[in-house]
Engineer: 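Dropping the structure in here first, questions after.
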2 protein chains.
Amino acid sequence: MFKRVLIAEDMEDINKGVHALLTALGVNDIQQVQYCDDAYLKIKRSQLDNEPFDLLITDLSFKADHRSQKYASGEALVEKINSEFPKLKVIVFSVEDRLQRVRNLFNKHHINAYVCKSRSGLKNLTKAIDEVAKDATFLSPEVANAFSAHNDLEIEDYDISLLDHLSNGLSQEEISVLYQNQHISPASLSSIEKRLNKLRIQFNANNAIHLVAIFKDLGLI
Amino acid sequence: MFKRVLIAEDMEDINKGVHALLTALGVNDIQQVQYCDDAYLKIKRSQLDNEPFDLLITDLSFKADHRSQKYASGEALVEKINSEFPKLKVIVFSVEDRLQRVRNLFNKHHINAYVCKSRSGLKNLTKAIDEVAKDATFLSPEVANAFSAHNDLEIEDYDISLLDHLSNGLSQEEISVLYQNQHISPASLSSIEKRLNKLRIQFNANNAIHLVAIFKDLGLI
DNA sequence: ATATCCCTTACGGGTATCCGTAAAGGATAT
DNA sequence: ATATCCTTTACGGATACCCGTAAGGGATAT
């Protein structure tokens with residue numbers, strides 16, 4: 001089982017709940033922070049002191065307040081941790097249940113477990129800690145199908161950027177010239193129209209507005 | 001101070017935090033539920049037993065699970081409570097910080113306080129309980145300007161419905177015939193165009209897609 | 001080299017949208 | 001009744017979007 005665990009979570013009461021859970025699991029060195037930057041500093045410090053943490057449990061969303069932060073979100077923190085301290089195990093504990101986000105966290109930032117905050121959040125967190133301690137990964141049941149196969153039709157970063165520009169008010173023509181300037185291919189108006197047509201079919205959207213709304217609901221943009 | 005308090009909140013750990021807070025404030029009869037329907041039933045029951053609750057603290061979002069619920073959200077619960085038990089004080093305790101939502105809760109459902117879950121959520125909840133006990137209202141600092149004056153340009157329900165239909169993939173023409181059938185005025189294509197134009201100017205949107213995206217971000221649809 | 005395949009681009013016609021102007025209808029005031 | 005104001009509707013032109021077809025350009029295989 002883990003010995004030194006760090007909790008990054010900006011809601012004090014949840015902080016307490018996770019703390020109580022870890023105590024019950026027999027972890028005696030538990031530290032807590034309410035800001036991502038503090039999390040990074042504590043981890044850095046522990047490495048220098050040769051007493052590294054062996055588990056980080058972090059939320060994704062940290063409300064901004066007066067303190068300006070270098071790492072504004074749990075995602076940014078996780079990315080940094082993964083590149084600088086790849087051996088540190090990471091469990092993300094968040095209300096977020098959008099599959100694309102979860103996929104990204106595993107694929108890009110190599111987290112070890114993802115637990116949804118919900119009715120049985122603490123129960124799942126317990127399981128996650130067990131699995132991660134055994135070098136396995138864990139996925140909350142709410143997002144279990146994030147990696148199921150029936151999601152063949154891949155959505156590329158290009159599609160995301162396209163929809164993002166649309167949602168920011170650019171016309172398809174404007175996006176075309178933008179892509180030409182940025183040397184992003186395909187850039188022609190015709191190709192952009194084709195790609196949007198493919199996505200409309202894929203997502204059962206009637207038109208571009210509908211498509212943007214669907215992407216927003218899915219949390220893709 | 002309050003004697004009988006009901007907490008409706010689907011995350012168990014937050015439930016505990018609020019419970020601990022109320023205990024510290026000297027409330028000795030505290031009950032908790034994790035589903036909106038249970039909240040309604042308990043309140044109904046307490047009325048019949050002539051031992052009514054005098055405060056409800058509820059979340060807004062309850063994740064759906066296997067149990068099908070009559071009241072799916074805290075909003076629906078609050079609406080019902082307000083119409084059936086207008087004397088019961090209500091404090092909403094949620095992460096939601098969209099001003100329009102908060103306004104609606106006060107104006108339409110006459111809640112007594114709104115507290116944002118955040119770092120200092122429990123501190124603000126304490127204040128809210130104090131104020132509500134004194135028959136005053138309370139608004140979390142995060143959403144304090146929900147009722148500030150500089151928001152003159154009113155957004156009507158008509159505008160919301162218009163953007164909602166657009167985001168669901170209807171064309172302006174289709175919305176026009178829909179409104180004619182539903183006897184909603186104005187219904188003509190020209191009027192719909194005019195209204196959208198007004199909103200585009202008001203929200204600095206380049207086109208309808210942009211407008212829908214903005215409305216989604218603002219949580220208006 | 002030729003063929004084949006896939007992706008990108010070009011173009012044209014139909015429809016939807018954006019935007020201005022003007023007419024029609026309702027309510028109120030004089 | 002007439003005038004005035006505001007809202008709703010109608011219409012036309014410019015632009016953007018939707019959709020099909022076809023042409024160009026690489027990459028690979030035969």
Side-chain angles (χ1 to χ4, degrees), chain A residues 151-218 220-221, chain B residues 151-218 220-221:
Chain A
N151 210 334
D152 289 328
L153 311 159
E154 285 295 327
I155 301 147
E156 306 170 26
D157 289 346
Y158 180 89
D159 302 319
I160 306 284
S161 108
L162 201 51
L163 270 287
D164 194 43
H165 287 312
L166 277 182
S167 78
N168 287 325
L170 297 196
S171 70
Q172 299 176 17
E173 174 99 37
E174 287 169 327
I175 297 173
S176 172
V177 307
L178 180 68
Y179 281 177
Q180 280 163 28
N181 293 337
Q182 297 181 344
H183 303 100
I184 294 175
S185 173
S188 73
L189 178 58
S190 183
S191 289
I192 289 173
E193 289 175 339
K194 266 196 178 26
R195 187 67 72 117
L196 287 174
N197 185 45
K198 203 193 77 186
L199 290 170
R200 268 196 304 275
I201 293 168
Q202 201 175 130
F203 287 89
N204 272 333
N206 296 339
N207 51 45
I209 295 182
H210 198 185
L211 194 57
V212 166
I214 290 171
F215 266 57
K216 280 240 172 246
D217 286 338
L218 291 175
L220 297 173
I221 54 176
Chain B
N151 211 333
D152 288 328
L153 310 160
E154 283 297 327
I155 301 147
E156 304 170 29
D157 289 345
Y158 181 90
D159 301 319
I160 306 284
S161 107
L162 202 51
L163 271 287
D164 194 42
H165 287 312
L166 277 181
S167 78
N168 287 326
L170 298 197
S171 70
Q172 299 177 18
E173 175 100 35
E174 286 169 328
I175 297 174
S176 172
V177 306
L178 180 68
Y179 281 178
Q180 280 164 29
N181 293 337
Q182 297 182 344
H183 303 100
I184 294 174
S185 174
S188 74
L189 177 60
S190 183
S191 290
I192 289 173
E193 289 175 341
K194 267 200 177 25
R195 186 68 71 116
L196 287 174
N197 186 45
K198 202 193 77 186
L199 290 170
R200 269 196 303 275
I201 294 169
Q202 200 174 131
F203 285 90
N204 270 334
N206 295 338
N207 51 44
I209 296 182
H210 198 187
L211 194 57
V212 166
I214 291 171
F215 267 56
K216 280 238 171 249
D217 286 338
L218 291 174
L220 297 173
I221 55 176

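First the proteins, then the strands, lettered A, B, ... as listed; each starts at 1. Atoms considered below: every heavy atom in the structure, side chains included; atoms not considered: hydrogens, waters and symmetry mates.
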Engineer: Using atom CG of A:Asn206 as one end and atom C1' of D:dC19 as the other, report the distance to the nearest whole Å.
Structural biologist: 15 Å
Engineer: By the definition side-chain hydrogen bond (donor to acceptor under 3.5 Å, both in side chains), identify the one residue from A:Glu173, A:Gln180, A:Glu174 that meets it with A:Ser176.
Structural biologist: A:Gln180
Engineer: Measure from the side chain of B:Pro186, starting at C-beta and using heavy atoms only, and say which of D:dC18, D:dC19, D:dT9 lies closest.
Structural biologist: D:dT9
Engineer: Is any side-chain nitrogen or oxygen of A:Arg200 closer than 4.0 Å to OP1 or OP2 of D:dC17?
Structural biologist: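 Checking A:Arg200 against D:dC17: no side-chain N or O falls below 4.0 Å of OP1 or OP2.
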Engineer: Using atom CZ of A:Arg195 as one end and atom P of C:dC6 as the other, report the distance to the nearest whole Å.
Structural biologist: 16 Å
Engineer: Check for a donor-acceptor pair, side chain of B:Asn168 on one end and backbone N or O of B:Asp164 on the other, with a separation under 3.5 Å.
Structural biologist: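 Yes, B:Asn168 side chain to B:Asp164 backbone: donor-acceptor pair under 3.5 Å.
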Engineer: Within this structure, what is the NE2-to-P distance between B:His210 and C:dT17, rounded to whole angstrom?
Structural biologist: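 For the pair B:His210 NE2 and C:dT17 P, the rounded distance is 18 Å.
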Engineer: If the cut-off is 4.0 Å, is B:Asn197 near the phosphate of C:dC18, judged by side-chain N/O to OP1 or OP2?
Structural biologist: no
Engineer: Can you measure A:Ile209 atom CD1 to D:dA16 atom P for me and round it to whole angstrom units?
Structural biologist: 15 Å
Engineer: What is the separation between atom CD on A:Gln172 and atom P on D:dC19, rounded to the nearest whole Å?
Structural biologist: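 In whole Å, D:dC19 P and A:Gln172 CD are 11 Å from each other.
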Engineer: Is the phosphate of D:dT9 approached by B:Ser191 (side-chain N or O, under 4.0 Å from OP1 or OP2)?
Structural biologist: yes
Engineer: Using a cut-off of 4.0 Å on non-hydrogen atoms, how would the nucleic acid contact of B:Ser171 be classed: base, sugar-phosphate, or nothing?
Structural biologist: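 Result for B:Ser171 = sugar-phosphate.
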Engineer: From CD1 of A:Ile192 over to P of C:dT9, roughly how many Å is that when rounded to an integer?
Structural biologist: 9 Å
Engineer: Return whichever of A:Leu189 or A:Lys194 has its heavy-atom-nearest nucleotide of DNA chain D closer to the 5' end.
Structural biologist: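 The 5'-side residue here is A:Leu189.
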Engineer: In whole angstrom, what separates A:Lys198's NZ from D:dG20's P?
Structural biologist: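 Those two atoms, NZ and P, are 16 Å apart.
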Engineer: In whole angstrom, what separates A:Ile175's CD1 from D:dC18's P?
Structural biologist: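 From A:Ile175 CD1 to D:dC18 P: 11 Å.
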Engineer: Are any of the side-chain heavy atoms of B:Asn206 and B:Arg200 separated by less than 4.5 Å?
Structural biologist: no
Engineer: Counting side-chain heavy atoms from C-beta on, which of D:dT9, C:dT8, C:dC18 comes nearest to B:Ala208?
Structural biologist: C:dC18
Engineer: In terms of ring plane angle, is the pair B:Tyr158 and B:Tyr179 parallel, tilted or perpendicular, where the classes change at 30° and 60°?
Structural biologist: tilted
Engineer: Mapping A:Leu166 and A:Ser190 to their closest nucleotides on DNA chain D, which lands nearer the 5' end?
Structural biologist: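 Checking each residue's closest nucleotide, the 5'-ward one belongs to A:Leu166.
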Engineer: Of the non-hydrogen atoms in A:Leu196 and A:Leu163, which two are nearest, and what is the gap between them?
Structural biologist: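 Nearest pair, atom of A:Leu196 first, then A:Leu163: CD2-CD2, 4.0 Å.
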